[in-house]
Structure formats: C-alpha cells, structure tokens
Amino acid sequence: MKAKRFIWPLMAAFMALTVSCRDPHFSADETGGTGSRTPGGRQPVEQTRNVMIMVSGGHNSLSSYLTADLKEMAEGFLPTGDYQTANVLMILSRLPQNGFSTTSVPVLYRLYRGADGEPVRDTIRVWGTEDRLFGGAVLSDALNMVRDRYPAKSYGVVLSSHASGWLPPGYYEKPSQFENGNTLSLRSIGQDKDGGVSVEMDLVDFAGAIPYKLDYLVLDCCLSGGVEVAWALRGKVDRVAFTQTETMAEGFDYSAIVRRLLGDYTPDPLGVCQDFYNYYIAQSGVMQSATISLVDPNKMDALASVSAALFEKYRTPISQLKGSLVQGYFRYSRHFFYDFRDILVKAGASEDDLARLDAALEDCVLYKAATPWFMKGGEDGFAINTHCGLSMYLPSMGTKFLDNYYKANIAWNQATQLVL
C-alpha cells in the first residue's frame with residue numbers, strides 16, 4: 001500500500017517547472033563536471049558539496065503518488081543552481097506519459113531554484129524507449145554520471161517505488177506462481193510495469209547497481225526494513241532509512257526532505273526519519289500507521305556474530321515457532337516479515353543472550369520508532385507491541401521454496417545460517 005496527501009494529474013509536476021534542456025555532452029565547467037574551481041580561496045566543491053539523487057520509479061500503480069512527490073519537492077526548499085556553492089538535487093525518474101498511452105523513458109535531470117524563484121529543470125540524459133529504470137544498467141549509469149559531473153563530499157539516494165524487501169521479485173504478489181514451479185516476476189525493489197510485463201530488481205541486483213559508497217539511502221518502499229536488506233548494503237551505504245511494515249502512500253514528507261538532506265553542510269537522514277514518524281503519530285485511526293528505522297549496515301558484524309550463535313543455540317524452538325506468537329509486520333497472510341528480536345524472545349532466549357543481542361542491535365540501529373498500530377480499524381490491521389528496528393524471515397512460517405531461495409541468495413543467511 002502507498003497513499004499520498006495530494007494526487008495531481010501526471011503532467012502537473014512538470015508544468016510547474018521552468019524547463020531548460022542542455023546538451024548532455026557540454027563541458028565540465030558548464031555542468032559541474034570533473035574540474036573544481038576555488039575563487040576567493042573557497043574550498044573545492046568536492047570538499048563542501050552534497051548531492052541528493054531522487055530515484056522516482058513510478059511507472060506502475062504509484063504513478064500519481066510519485067508525481068505528487070515531485071510536485072511537493074518543486075514547491076519546497078530547493079538548492080540554487082550556482083556551481084561554486086550550491087548543493088545538488090538530481091532526479092532520476094520514469095513516469096508514464098499521457099496516462100500510459102505513450103511509451104515513456106527514464107530521464108535524469110537537475111532540479112534547482114532559479115534566480116527568479118521558479119524551479120528549473122536541467123535535463124542531463126534521456127534514455128531510450130527500450131530502457132527501464134530498474135532493468136539493465138540505467139541506475140548504475142545514472143549514479144556514475146552524477147558523480148562524474150558533480151564532484152562532492154557526500155552522495156545520497158532517496159528511492160521511491162514498489163518493493164517487498166528480500167523476497168524474490170514477484171513472490172509477495174503471487175506466491176502460488178512460485179510454489180507451483182513458475183516464476184512470474186512482479187516486484188522486489190523497484191518496479192517498471194508496461195502492460196502485463198514487469199521489470200524490477202532483486203536485492204542482490206539492487207545492491208550491485210550502487211557503484212560507489214553512499215552517505216545515506218532512504219527507501220520509501222514497503223517492507224524494506226529487514227536485516228537481510230541492511231546486511232546486503234554493507235560497504236555500499238553508511239546509513240539506510242527504511243520501514244518494516246508497508247509504507248502508507250503518504251510516504252515521506254517531500255516538502256521537507258530536500259531541506260533535511262541538502263539544506264545544510266551535513267545531510268540529516270535521522271531528521272528525515274523523525275519527520276516521518278512525527279507526521280504519522282500525529283494522525284488518527286488508519287492513518288496512524290508507521291514503522292521506521294535508521295541503520296548503519298557497516299556496524300552489523302557484531303549482530304551477525306551474536307545471531308549466528310543464537311540461531312544455532314535456539315535452532316529447534318525457532319524452527320517450531322508459531323507466527324501468531326511473534327510480532328509480525330505484514331497483512332493479508334503474507335507472513336514473511338517478523339520482528340528480528342521478538343523471534344529470539346519467543347524462542348526462549350535467556351536474559352544474558354538477549355543482553356548480548358541488544359548490545360549488538362544498539363551498535364547498528366541508530367534510530368527506531370513505531371506507532372502503536374498499523375492500520376487500526378482498517379483491513380487486516382495489527383498492533384505493534386514491540387519493534388527493534390529490523391524485520392527478519394521466520395523459517396517456521398516459510399516454505400521449502402523460500403528456504404532454498406534464502407540459502408542461495410541472501411547473504412545474511414550465509415553469514416548466520418538461519419536456514420540450513
């Protein structure tokens with residue numbers, strides 16, 4: 001599920017922009033490319049500048065919502081277009097044209113506030129009609145192009161699209177297609193959907209598409225906040241913000257997110273997480289629904305070491321756990337996401353073992369928050385009684401297919417042997 005406060009016609013986000021398309025082959029000085037200039041003794045831009053890349057993958061059922069996100073961004077804080085001093089906001093998007101009746105293409109552009117106060121869009125690259133945002137090399141090519149053109153001290157990505165965490169693409173939507181021996185692919189992390197054909201990335205492909213280390217990654221995607229996702233991002237990201245439950249289609253606050261990440265010398269993904277939680281906890285009823293955490297994937301070694309020992313020690317009770325006893329983060333019987341710590345609590349871990357686990361979690365979970373309920377009074381809503389900031393697969397509630405996939409594809413399992 002993904003819901004937005006404002007739903008606008010597809011082109012509304014772009015009609016508000018002053019469009020300035022430039023030749024993608026112009027010189028480094030014109031683009032903010034590989035050269036750095038320091039007039040007046042200022043520091044080189046690569047020592048002072050921050051770059052945020054918004055990846056808007058809305059060629060799917062989220063198209064109107066993600067279009068509204070871009071409109072909110074254009075109406076909120078934007079950096080200036082000055083090469084010497086300004087931080088940089090880049091947009092990589094694929095959104096439908098003319099209500100999906102015209103084939104759309106991925107496009108990369110810079111968005112900034114012009115001297116007249118109006119938002120300006122400078123197009124850097126347009127891909128072909130055969131290209132998909134989450135297929136082939138578009139994502140990694142775009143990230144490399146941003147780095148080459150805009151040297152900076154910090155790069156971060158905010159990604160908004162469909163997702164289903166560590167699951168194989170398509171499993172969340174139609175598990176039976178896999179359990180019956182078929183492999184219908186619908187979504188995992190990111191989705192480009194054209195008619196009945198869907199293109200997306202699995203977790204391994206997504207991590208591999210990040211060509212250099214990011215300061216932060218904000219995943220405005222459902223069910224992405226798992227230990228499996230965080231572990232896969234080690235060496236790729238310093239901080240990842242994500243949700244353990246589905247994300248309400250309101251998503252993150254795009255009128256404020258650019259100021260948090262580009263409005264100061266140091267990006268503030270913690271503030272992004274706090275804004276997200278504060279918005280939802282102030283709501284009522286179904287809308288008071290959110291989980292969020294900020295995790296440092298590079299500080300998870302202790303967690304993996306402790307987990308491996310505890311998974312072995314409590315293997316039998318873990319294998320026999322009833323899902324109804326463990327804090328889940330899912331609806332519609334999609335029982336693939338449970339609270340990481342609560343699995344071990346309900347498996348009977350001792351106080352000493354839980355203390356070791358908590359110390360390891362404290363090392364890598366920088367922030368966590370959750371509302372008391374997810375969709376209270378709504379369809380298949382549930383209480384959130386405990387929340388450690390990470391979800392995990394519970395093998396006793398899985399299947400032989402998922403066990404085999406987990407063993408073959410999920411690096412977290414290779415490090416901890418949750419599934420043998």
S.K.: Near K299 NZ, under 6.0 Å, is it more than 12 heavy atoms from other residues, nucleotides or ligands?
M.R.: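 Check fails, neighbour count at 12 or below.
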S.K.: Please report the closest heavy-atom contact between R113 and A74, naming both atoms and the distance.
M.R.: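 Nearest heavy atoms, R113 then A74: NH2-O, 3.1 Å.
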S.K.: Under the side-chain contact (heavy atoms from CB on, under 4.5 Å) test against N50, which residue among T266, V88, N87, L89 passes?
M.R.: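 With N50 as partner, T266, V88, N87, L89 yield a single side-chain contact (heavy atoms from CB on, under 4.5 Å), made by N87.
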S.K.: Hey, is the main chain of L143 close enough, under 3.5 Å, to the side chain of Y212 for a donor-acceptor pair?
M.R.: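 Yes.
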S.K.: Does NZ or CZ of R121 come closer than 6.0 Å to the centre of the six-membered ring of Y109, within 45° of the ring's axis?
M.R.: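 R121 over Y109 ring: yes.
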S.K.: A side-chain contact here means heavy atoms from C-beta on lying under 4.5 Å apart; do S289 and T245 qualify?
M.R.: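 Of all side-chain heavy-atom pairs linking T245 with S289, none is under 4.5 Å.
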S.K.: Is the charged tip of K213 near the ring of Y155: under 6.0 Å from the six-membered ring centre and within 45° of its axis?
M.R.: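 Not satisfied by the 6.0 Å and 45° rule.
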S.K.: Check R259 with D268, please: is the shortest side-chain N to carboxylate O separation under 4.0 Å?
M.R.: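 Here D268 does not pair with R259 in a salt bridge, since their nearest N and O are not under 4.0 Å apart.
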S.K.: Do side-chain atoms of K407 reach the backbone of L420 as a donor and acceptor pair under 3.5 angstrom?
M.R.: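 Between the backbone of L420 and the side chain of K407 there is a qualifying donor-acceptor contact (under 3.5 Å).
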S.K.: What heavy-atom pair brings S396 and S319 nearest, and what distance separates the two atoms?
M.R.: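 Between these two residues, the closest heavy atoms are CB-O, 3.3 Å.
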S.K.: For R315 and L418, indicate whether the former's side chain and the latter's backbone hold a donor-acceptor pair under 3.5 Å.
M.R.: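 Side chain of R315 to backbone of L418: a pair is present.
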S.K.: Start with the C-alpha gap between V365 and D296, add the side-chain angles, then the distance that decides, and say whether side-chain contact (heavy atoms from CB on, under 4.5 Å) holds.
M.R.: CA-CA 7 Å; V365 179; D296 184 342; over 6 Å; no
S.K.: Do other residues, nucleotides or ligands put more than 12 heavy atoms under 6.0 Å from the CD atom of E362?
M.R.: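 Atom CD in E362 is not crowded, with 12 or fewer foreign heavy atoms closer than 6.0 Å.
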S.K.: Does the pair D220 and T247 meet the rule for a side-chain contact (heavy atoms from CB on, under 4.5 Å), with working shown?
M.R.: CA-CA 7 Å; D220 187 3; T247 305; 3.5 Å; yes
S.K.: Quick one: does F242's side chain get under 4.5 Å of V295's, heavy atoms only?
M.R.: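 Side-chain contact under 4.5 Å: yes.
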S.K.: Does the gap between the ring centers of Y393 and Y406 come in under 6.0 Å?
M.R.: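 Under 6.0 Å, so yes.
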S.K.: For the side chain of R341 and the backbone of D358, is there at least one donor-acceptor N/O pair under 3.5 Å apart?
M.R.: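 Absent.
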S.K.: Measuring only between side-chain heavy atoms, which start at C-beta, is M90 closer than 4.5 Å to L108?
M.R.: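 The answer is yes; the side chains approach within 4.5 Å.
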S.K.: With rounding to the nearest 0.5 angstrom, report the CE to CZ distance, M392 to F337.
M.R.: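 Spacing of CE (M392) from CZ (F337) equals 13.0 Å.
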S.K.: List the steps, then state whether side-chain contact (heavy atoms from CB on, under 4.5 Å) holds for L310 with R356.
M.R.: CA-CA 10 Å; L310 297 185; R356 293 167 55 214; 4.1 Å; yes
S.K.: Distance alone, cut at 3.5 Å: any donor-acceptor contact between the side chains of Q244 and S293?
M.R.: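 Present: a donor and an acceptor within the cut-off.
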S.K.: Atom CG in L214, atom CE in M52: separation rounded to 0.5 Å?
M.R.: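 Rounded to the nearest 0.5 Å, the CG-CE separation comes out at 12.5 Å.
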S.K.: Is the F252 to F276 ring centre distance short of 6.0 Å?
M.R.: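 Under 6.0 Å, so yes.
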S.K.: Roughly how far, to the nearest 0.5 Å, is NE2 of H335 from CG of L402?
M.R.: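 The distance works out to 9.0 Å.
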S.K.: Tell me, do M375 and D380 make a side-chain contact under 4.5 Å, heavy atoms counted?
M.R.: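 They are not in side-chain contact.
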S.K.: Looking at every non-hydrogen atom in both residues, tell me the closest pair between A230 and P297 and how far apart they are.
M.R.: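 Heavy atoms only, the tightest pair is O-CB, 3.2 Å.
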S.K.: Which value, rounded to the nearest 0.5 Å, describes the distance between F330 atom CZ and C222 atom SG?
M.R.: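 If we round to the nearest 0.5 Å, F330:CZ and C222:SG are 15.0 Å apart.
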S.K.: Could you verify whether a donor N or O on one side chain and an acceptor N or O on the other, from D82 and T80, lie under 3.5 Å apart?
M.R.: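 Checked: D82/T80 side chains show no N/O donor-acceptor pair below 3.5 Å.
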S.K.: Closest approach of L92 and V138, non-hydrogen atoms and distance?
M.R.: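 So the two residues come closest at CD1-CG1, 4.4 Å.
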S.K.: Do E379 and Y332 touch side chain to side chain, with heavy atoms closer than 4.5 Å?
M.R.: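 Side chain of E379 against side chain of Y332, heavy atoms only: contact under 4.5 Å found.
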S.K.: Rounded to the nearest 0.5 Å, how far apart are CE of M145 and CD1 of I53?
M.R.: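 If we round to the nearest 0.5 Å, M145:CE and I53:CD1 are 12.5 Å apart.
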S.K.: Side chains of R234 and D301, heavy atoms from C-beta outward: is any pair under 4.5 Å?
M.R.: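 With C-beta onward as the side chain, the pair touches.
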S.K.: I'd like to know if the side chain of S255 reaches the main chain of E75, judged simply by a donor and an acceptor atom lying under 3.5 Å from each other, with no hydrogens or angles considered.
M.R.: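 Here the side-chain-to-backbone pair does not exist.
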S.K.: Please report the closest heavy-atom contact between Y338 and G323, naming both atoms and the distance.
M.R.: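 Here Y338 and G323 meet closest at CE2-O, 3.5 Å.
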S.K.: Less than 4.5 Å apart, side chain to side chain, heavy atoms only: is that true for L217 and P269?
M.R.: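 Of all side-chain heavy-atom pairs linking P269 with L217, none is under 4.5 Å.
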S.K.: Can you tell me if D122 and Y112 form a side-chain donor-acceptor pair at under 3.5 Å?
M.R.: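 Yes, because at least one side-chain N or O of D122 sits under 3.5 Å from a partner of the opposite role on Y112.
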S.K.: Hey, are the side chains of Q288 and F374 touching, using non-hydrogen atoms and a 4.5 Å cut-off?
M.R.: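 With C-beta onward as the side chain, the pair stays apart.
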S.K.: When I210 is tested against each of V157, L233, L139 for side-chain contact (heavy atoms from CB on, under 4.5 Å), which residue passes?
M.R.: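 Answer to the side-chain contact (heavy atoms from CB on, under 4.5 Å) test with I210 among V157, L233, L139: L233.
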S.K.: Anything under 30° is parallel, anything over 60° is perpendicular, the rest tilted; go ahead and classify W412 against W231.
M.R.: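 Aromatic pair W412/W231 classed perpendicular.
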S.K.: To the nearest 0.5 angstrom, please state how far the CD1 atom of I91 sits from the CD1 atom of I124.
M.R.: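 So the gap between those two atoms works out to 12.0 Å.
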S.K.: Would you call E246 and R331 a salt bridge, taking side-chain N to carboxylate O under 4.0 Å as the test?
M.R.: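 Salt bridge between E246 and R331, a charged N being under 4.0 Å from a carboxylate O: yes.
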S.K.: Checking Y277 against T291 for the side-chain contact (heavy atoms from CB on, under 4.5 Å) test, could you report, in this order, the C-alpha distance in whole Å, the side-chain angles of both residues, the deciding distance, and whether it holds?
M.R.: CA-CA 7 Å; Y277 174 72; T291 55; over 6 Å; no
S.K.: Kindly give the heavy-atom pair with the smallest separation between Y254 and V158, and that separation in Å.
M.R.: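 Of all heavy-atom pairs spanning Y254 and V158, the closest is OH-CG1, 4.0 Å.
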S.K.: For C388, does its backbone N or O pair with a side-chain atom of D339 as donor and acceptor, under 3.5 Å?
M.R.: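 Side chain of D339 to backbone of C388, a donor-acceptor pair under 3.5 Å: yes, one is there.
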